[in-house]
Amino acid sequence: DAGVTQSPTHLIKTRGQQVTLRCSPISGHKSVSWYQQVLGQGPQFIFQYYEKEERGRGNFPDRFSARQFPNYSSELNVNALLLGDSALYLCASSLFAGGHEKLFFGSGTQLSVL
Amino acid sequence: DAKTTQPTSMDCAEGRAANLPCNHSTISGNEYVYWYRQIHSQGPQYIIHGLKNNETNEMASLIITEDRKSSTLILPHATLRDTAVYYCIVRSPGGGTSYGKLTFGQGTILTVHP
């Protein structure tokens with residue numbers, strides 16, 4: 001079975017530009033979450049979408065936005081890029097079963113802002 | 001979610017058991033202990049979770065103290081492929097506003113050497 005897939009794997013942008021990252025969840029998973037991982041740190045929660053609605057948001061500025069499509073895939077958009085946005089962006093889909101949620105992560109998109 | 005404390009790094013010889021400790025002294029009654037690991041250049045991977053009883057699966061064992069203030073993840077026969085950052089996370093089982101959200105700390109860098 002295919003896992004969580006993210007595209008592109010690597011991306012280079014310049015300050016002030018906009019970027020869109022894409023994520024396809026595991027088949028049957030309706031929840032998608034986005035995380036930012038700066039080098040040397042643990043992943044930080046950005047957004048969670050379930051059934052196309054935003055259900056959770058982390059402490060990130062309004063430059064970050066996301067959406068989920070009817071097929072449960074998702075996009076993360078970041079506007080007006082800053083150097084500090086350089087990070088690995090991870091997408092996770094989750095399954096809630098047996099009273100517990102288990103997250104499955106993709107390999108991420110490495111974003112470099114120059 | 002309760003805060004966790006883990007050692008920054010640990011070493012283990014291949015074939016030996018790796019015992020990774022985690023302190024979570026402020027854990028509340030409905031919070032579970034989850035462990036994820038992140039191998040270089042990959043997204044985090046779920047390992048195991050537990051409430052108060054010891055748990056074992058095909059990947060690892062989880063030992064939680066009786067007062068639930070600390071736990072230990074045990075990899076019984078570590079291999080070179082177990083070299084990764086291991087994250088101990090305390091959270092409610094999921095659902096509602098916590099759906100899809102994991103609070104990662106710095107984790108423990110486990111290095112398995114030949």
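Each chain gets a letter, A, B and so on, in the order the sequences are listed, and its residues count up from 1.
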(message) Among A:Ser33, A:Ser93, A:Pro43, which residue has the highest count of heavy-atom pairs closer than 4.5 Å to chain B?
(response)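 That would be A:Pro43.
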Tell me, side chain or backbone of [X] under 4.5 Å from chain B's heavy atoms, or both, or neither?
X: A:Tyr35; result: side chain
X: A:Gln44; result: side chain
X: A:Leu103; result: both

Go through the side-chain N and O atoms of [X] and [Y] and say whether any donor and acceptor fall under 3.5 Å apart.
X: A:Asn71; Y: A:Ser73; answer: yes
X: A:Ser112; Y: A:Ser86; answer: no
X: A:Tyr89; Y: A:Gln6; answer: no

(message) Looking at chain A, which one of B:Gly105, B:Gly107, B:Gly43, B:Ser41 has the largest number of heavy-atom pairs inside 4.5 Å, strictly under?
(response)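 Top count of heavy-atom pairs under 4.5 Å with chain A: B:Gly43.
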(message) Quick check on side chain to side chain contact (heavy atoms under 4.5 Å, CB included): which of A:Leu76, A:Leu81, A:Ile12 does A:Leu111 satisfy it with?
(response)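 When side chain to side chain contact (heavy atoms under 4.5 Å, CB included) is applied between A:Leu111 and each of A:Leu76, A:Leu81, A:Ile12, only A:Leu81 qualifies.
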(request) Scan A:Lys13, A:Arg63, A:Gln36 and name whichever one has a side chain to side chain donor-acceptor pair (under 3.5 Å) with A:Asp85. (result)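 Answer to the side chain to side chain donor-acceptor pair (under 3.5 Å) test with A:Asp85 among A:Lys13, A:Arg63, A:Gln36: A:Arg63.
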